[in-house]
Amino acid sequence: MRASFLDAIKHLLPSGPAWNITNKTDLRRLFEAIAVLPEELRTEIENVYMDYFADSTRELKKWEDVFTVIFTKAELEQRRKVLSLLWSMNQGGQSKDFLQSVLQGIFPEIIVEENIPCANPRQANIAYFCVCDNSVMICGNSKACCDYREGDETFIPTILRNDTASPYSIPNDADYWAFCFYVCKRVVRNSRNEILYIEKLQIPILYKNYIEYLILRIKPVHTVAVMAVEWIEEQSND
């Protein structure tokens with residue numbers, strides 16, 4: 001690139017033998033030295049532009065300060081990805097699809113499901129597909145057998161919400177449930193598209209802070225994230 005700046009200088013010079021810088025003259029050496037300055041400026045401008053992106057910035061600490069994120073030693077290798085997601089969040093939105101795309105950048109198996117039609121999240125922990133006299137029996141279910149159910153009766157989802165003025169619980173109020181959405185592995189719906197149950201997703205606890213932080217930052221303040229997530233400790237190879 002320095003040669004390009006030298007060529008630009010050459011085209012600006014008057015014509016004539018005195019201004020010929022084709023050979024290694026003192027005049028050519030002078031202009032070669034001058035051509036170094038714009039090249040250094042160009043390189044620095046490119047570096048400053050790359051600082052605009054978390055994936056290539058030279059100033060990770062400043063990015064972390066902006067988003068008030070603190071990384072542990074085990075999390076350091078993920079920090080560029082997280083900071084990049086936080087930046088894209090500012091340019092995205094608060095839709096279900098956007099939140100899901102951001103979370104899948106951390107853990108690809110995560111899905112986000114809106115609670116539409118509205119159902120009580122506490123009753124979506126297990127699906128009773130074929131229990132005697134069960135009104136939600138699904139015709140043609142290949143697994144149809146008395147007392148067939150799917151889910152985990154012992155697992156209790158947690159919730160995430162921005163308002164911490166009252167305890168983290170799901171009140172017995174259908175108006176409250178309408179603002180819930182699920183973060184999980186998948187959901188099972190009936191013929192009326194109602195959610196029968198949510199399937200929990202196992203995620204290494206390494207990602208817990210990232211995921212919860214992103215959800216709270218992205219989601220609309222009045223909504224509640226029902227976390228059908230089991231945080232698991234990574235097993236040691238020893």
Side-chain angles (χ1 to χ4, degrees), residues 54 67 69 75 78-129 136 138 141-143 148-163 168-170 174 176-234:
F67 288 107
V69 179
E75 298 167 339
Q78 294 289 334
R79 60 180 175 169
R80 284 189 181 272
K81 178 185 292 186
V82 175
L83 289 168
S84 181
L85 289 171
L86 289 171
W87 176 241
S88 66
M89 177 192 73
N90 290 335
Q91 306 171 58
Q94 293 180 304
S95 68
K96 167 254 182 188
D97 290 336
F98 178 73
L99 175 59
Q100 179 174 281
S101 68
V102 170
L103 295 181
Q104 287 179 347
I106 299 294
F107 198 77
E109 295 181 35
I110 293 179
I111 69 164
V112 177
E113 286 283 344
E114 294 177 326
N115 191 21
I116 302 174
C118 182
N120 185 344
R122 289 173 300 194
Q123 297 174 348
N125 203 27
I126 186 166
Y128 297 90
F129 286 106
V136 297
I138 299 176
N141 186 349
S142 61
K143 295 182 179 179
Y148 169 68
R149 63 193 66 190
E150 192 167 336
D152 184 351
E153 293 176 307
T154 64
F155 177 72
I156 301 176
T158 57
I159 66 171
L160 280 180
R161 56 191 176 88
N162 300 83
D163 181 11
Y168 265 31
S169 61
I170 302 175
Y176 182 91
W177 307 333
F179 296 112
C180 294
F181 63 90
Y182 300 103
V183 178
C184 57
K185 184 175 183 178
R186 71 181 178 110
V187 299
V188 173
R189 297 178 182 267
N190 61 19
S191 59
R192 297 184 296 276
N193 206 37
E194 297 167 337
I195 294 177
L196 294 177
Y197 94 103
I198 53 176
E199 181 176 351
K200 70 180 179 182
L201 178 62
Q202 291 186 328
I203 302 178
I205 199 167
L206 166 67
Y207 302 111
K208 186 175 188 293
N209 290 340
Y210 299 154
I211 290 172
E212 292 184 347
Y213 177 81
L214 288 167
I215 291 171
L216 289 172
R217 284 293 298 267
I218 295 173
K219 77 176 188 65
V221 173
H222 65 284
T223 60
V224 177
V226 180
M227 303 292 293
V229 174
E230 181 181 4
W231 305 105
I232 57 174
E233 297 282 354
E234 291 187 303

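What you see below is based on every heavy atom in this structure, not just the backbone, and it leaves out hydrogens, waters and symmetry mates. Note that this is a predicted model, so its numbers are computed, not measured.
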Legend entry - Cys180 side, atom SG; Asn120 side, atom CG - distance, nearest 0.5 Å: 8.5 Å

Inset, instruction - Using atom types as modelled and distance alone, determine if a side-chain donor or acceptor of Asn115 lies under 3.5 Å from a backbone N or O of Cys118. - result: no

Legend entry - Glu114: partners by salt bridge (charged side-chain N to carboxylate O under 4.0 Å, His left out), with sequence neighbours left out: none

Inset, instruction - Working to the nearest 0.5 Å, report the span between CH2 of Trp231 and OG1 of Thr158. - result: 8.0 Å

Legend entry - Close side-chain approach of Met227 to Pro157, heavy-atom, < 4.5 Å: no

Inset, instruction - Please report the shortest heavy-atom distance between Trp177 and Ala119, naming the atom on each side. - result: CB-O, 3.6 Å

Legend entry - Counterpart residues, salt bridge (charged side-chain N to carboxylate O under 4.0 Å, His left out), relative to Glu109 (two or more places apart): none

Legend entry - Rounded distance [0.5 Å steps], CG in Leu216 versus CG in Leu160: 5.0 Å

Inset, instruction - Look at the side chain of Lys219 and the backbone N and O of Thr223, then say whether any donor-acceptor pair between them is shorter than 3.5 Å. - result: yes

Legend entry - Non-hydrogen side-chain atoms of Val188 and Ile195 separated by less than 4.5 Å: no

Legend entry - Gln100: partners by side chain to side chain donor-acceptor pair (under 3.5 Å), with sequence neighbours left out: none

Legend entry - Heavy-atom check, side chain of Phe181 versus side chain of Val183, under 4.5 Å: yes

Legend entry - Value rounded to 0.5 Å, distance of CD1 in Ile232 from CG in Leu206: 11.0 Å

Inset, instruction - Would you check if Cys184 and Val229 make a side-chain contact, meaning some heavy-atom pair closer than 4.5 Å? - result: no

Inset, instruction - Could you check if a side-chain atom of Val187 sits within less than 4.5 angstrom of a side-chain atom of Tyr197, using non-hydrogen atoms only? - result: no

Legend entry - Shortest non-hydrogen separation from Arg192 to Asn190 and the atoms involved: N-OD1, 2.9 Å

Inset, instruction - Could you tell me the separation between the CZ atom of Arg217 and the CG atom of Leu99, rounded to the nearest 0.5 Å? - result: 13.0 Å

Legend entry - Under 3.5 Å donor-acceptor, Gln104 side chain and Ile110 backbone: yes

Inset, instruction - State plainly whether the residues Glu113 and Arg189 are in salt-bridge range, i.e. N to O under 4.0 Å. - result: yes

Legend entry - pair Phe107-Leu201: side-chain heavy atoms closer than 4.5 Å: yes

Inset, instruction - Please tell me if the side chains of Phe98 and Leu103 come closer than 4.5 Å, counting only heavy atoms from C-beta onward. - result: no

Inset, instruction - Could you tell me the separation between the OH atom of Tyr207 and the CD1 atom of Ile203, rounded to the nearest 0.5 Å? - result: 9.5 Å

